[in-house]
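Okay, so here's the structure we're looking at.
By convention here, the first residue in the shown sequence is residue 1.
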Amino acid sequence: MAITSPPHTSAAVQRPSVIQLSIKEKGALYAAYIPVFNGGGIFIPSTREHQLGDDIYELITLLDDPQRYPIAGKVAWITPAHASGNRTQGIGIKFPKDEKSAQIKSRIEEILGEALQSDRPTQTV
């Protein structure tokens, strides 16, 4: 999973963070997808300081799909450093209820298929 993010700035008006997320393997997608969020969501490894409700703009690419999915989501999950269960530090982004998010949710669930029914642990719940 490749992630790029610009350096954090402390401007008076805080603009949403922009994160490019490239998920190259089905197992990584399974571990990152958050189906319990109404509308879906994705876990992004991050050591940056985030607060619940922060706006995050993501450009997501999935496996070999050349399509980049732009999502303007919100932080709805935070896994702190040194979390139990050896979980990766990062944030869970809740997808908004819009057409772009519905497209990526559908694409993720198409890729994962029956794996969605698995009881294997993920990065979140």
Atom pair [atom1] ([X]) and [atom2] ([Y]), whose distance is rounded to the nearest 0.5 Å:
X   : Y   : atom1 : atom2 : result
F95 : Y33 : CZ    : OH    : 7.0 Å
I42 : I19 : CD1   : CD1   : 11.5 Å
R48 : S17 : CZ    : OG    : 4.0 Å
W77 : I34 : CH2   : CD1   : 7.5 Å

Not counting sequence neighbours, which residues clear side-chain contact (heavy atoms from CB on, under 4.5 Å) with [X]? List them please.
X    : value
Q51  : E49, D54
A102 : none
I78  : L52, V75, I91
P96  : I71, D98, S101

Please identify each residue that fulfils salt bridge (charged side-chain N to carboxylate O under 4.0 Å, His left out) with E110, with sequence neighbours left out.
-> R107
Residues that K105 engages under salt bridge (charged side-chain N to carboxylate O under 4.0 Å, His left out), provided they are two or more places apart | E109
Residues pairing under salt bridge (charged side-chain N to carboxylate O under 4.0 Å, His left out) where one sits in residues 66-76, two or more places apart or in two chains, turn out to be D55-K74
For residues I60 and Q20, determine if any side-chain heavy atom of one lies less than 4.5 Å from a side-chain heavy atom of the other.
-> no
Sequence neighbours excluded, the answer for side-chain hydrogen bond (donor to acceptor under 3.5 Å, both in side chains) partners of S106 is none
